[in-house]
Amino acid sequence: MASERLQVERTVAAEPGAIFRVLSDPQGHVDIDSSGMLMDATGEPVRAVGDSFVVHMDREALSDYPMGLYDVTVTITAYVPDREIAWTILGQIRPQIGHVYGYRLEPTGGGTLVTSYYDWSHIDPVWKEAGIFPVISEGALRATLGILARTLARGGAG
């Protein structure tokens, strides 16, 4: 695969601060997930690089690997209020994978241009050789932006 990064964007009719509140809240991640894997989350909204929370997952939603129910720790790797948030996933498998998910927010006349990205360019060589990436498709990233827009239009998630 030539690219090791997916990126999609969409204008959402909301201020960057409202969007950022959803993205920095563990429950916000669950609320907007399009994959069906995120079942619940435990922890407080993040406020800085290094903050973390636990997400309770169900891999059966993808039906690709028989992992069932499991927990991962989301650890924040980029945090610029109302502008960018990114994280990596720490789980029970070894070596850790090292993929990064994130969002960039840019105010526009019609709300906020939201860019969602998924980067596996720096994953551990063991996982690169396994050839299992991307786990989440471009369509799933795009769908999550749609759910984010719908959630905020309805006044939900913060």
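Under the 4.5 Å side-chain heavy-atom criterion for grouping Ile, Leu, Val, Met, Phe, Trp and Tyr, Leu23 is connected to Val30 within one hydrophobic cluster. Following chains of ILVMFWY side-chain contacts shorter than 4.5 Å, one cannot reach Val100 starting from Leu6, and the two form parts of different hydrophobic clusters. Residues Trp127 and Val74 are members of one and the same hydrophobic cluster, defined by side-chain heavy-atom contacts under 4.5 angstrom among Ile, Leu, Val, Met, Phe, Trp and Tyr. Tracing side-chain contacts under 4.5 Å through hydrophobic residues (I, L, V, M, F, W, Y), one reaches Phe20 starting from Val49; they form part of the same cluster.
One finds the CD1 atom of Ile32 at 9.5 Å from the CG atom of Leu38 (value rounded to the nearest 0.5 Å). Distance CZ/Arg21 to CG/Asp82: 7.5 Å, rounded to 0.5 Å. Put simply, CG on Asp51 and CD1 on Ile76 are 7.0 Å apart, with the number rounded to the nearest 0.5 Å. In this structure, CD in Glu106 is found 9.5 Å from OG1 in Thr112, a value given to the nearest 0.5 Å. How far CZ of Arg104 is from CD of Glu84: 6.0 Å, rounded to the nearest 0.5 Å.
Taking both residues in full, the closest heavy atoms of Ser24 and Tyr79 are given as CB-CE1, 4.4 Å, listed atom of the first, atom of the second, then distance. Counting all heavy atoms, side chain and backbone alike, Ser116 lies closest to Leu141 at OG-CD2, 3.7 Å. Contact between Thr75 and Gly50 at its shortest, heavy atoms only, is CG2-O, 4.2 Å. Nearest heavy-atom pair, Ile136 versus Ser35, reported as atom, atom and distance to 0.1 Å: CD1-CB, 4.0 Å. Closest heavy-atom contact between Ser52 and Val46: N-CG1, 4.3 Å. When every heavy atom of Gly43 is checked against every heavy atom of Pro26, the shortest pair comes out as O-CG, 3.5 Å.
Qualifying side chain to side chain contact (heavy atoms under 4.5 Å, CB included) partners for His99, counting only residues two or more places apart in sequence or in other chains: Ile89, Ile97, Tyr101, Tyr118, Trp120, Ile123, Phe133. Residues satisfying the ring-ring contact (aromatic ring centres under 6.0 Å, His included) criterion with Tyr117, sequence neighbours excluded, are absent altogether. Shown here are the side chain to side chain contact (heavy atoms under 4.5 Å, CB included) partners of Thr11, two or more places apart in sequence or in another chain: Thr108, Leu113. His122 pairs by the side chain to side chain donor-acceptor pair (under 3.5 Å) definition with nothing, not counting sequence neighbours. Scanning for salt bridge (charged side-chain N to carboxylate O under 4.0 Å, His left out) contacts around Glu138 gives Arg142, with sequence neighbours left out. The side chain to side chain contact (heavy atoms under 4.5 Å, CB included) search around Ser34 returns Ala140, Ala143, Thr144, Ile147, not counting sequence neighbours.
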Checklist entry - Should Thr42 and His56 be marked as a side-chain contact (heavy atoms from CB on, under 4.5 Å) after you check the CA-CA gap, both sets of side-chain angles, and the distance that decides it? => result CA-CA 8 Å; Thr42 305; His56 311 292; 2.7 Å; yes

Next on the checklist: side-chain contact (heavy atoms from CB on, under 4.5 Å), that's the test. Do Tyr103 and Trp87 meet it? Break it down for me.
Outcome noted: CA-CA 10 Å; Tyr103 292 88; Trp87 60 92; 3.4 Å; yes

Next on the checklist: As a quick check of understanding, evaluate side-chain contact (heavy atoms from CB on, under 4.5 Å) for Thr115 and Gln7, giving each step before the final call.
Outcome noted: CA-CA 7 Å; Thr115 302; Gln7 182 169 302; 3.4 Å; yes

Checklist entry - Can you list the steps and then say if Val54 with Val72 is a side-chain contact (heavy atoms from CB on, under 4.5 Å)? => result CA-CA 6 Å; Val54 174; Val72 297; over 6 Å; no

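Using a distance-only test at 3.5 Å, with no hydrogens or angles considered, a donor-acceptor pair links the side chain of Ser3 to the main chain of Arg5. Between the Arg83 side chain and the Leu105 main chain, a donor and an acceptor come within less than 3.5 Å of each other. Between the side chain of Arg150 and the main chain of Gly146, no donor-acceptor pair closer than 3.5 Å is present.
Looking at heavy atoms from C-beta onward, Leu145 lies in side-chain contact with Val8 at the 4.5 angstrom threshold. Leu152 is listed as a side-chain neighbour of Ile19, based on a closest heavy-atom distance under 4.5 Å. Side-chain contact between Val22 and Asp31 is absent, with no heavy atoms from C-beta onward closer than 4.5 Å.
Under a 4.0 Å N-O distance rule, the pair Glu4/Lys128 qualifies as a salt bridge.
Counted by atom type alone, Asp40 and Gln27 present one or more donor-acceptor pairs between their side chains at under 3.5 Å.
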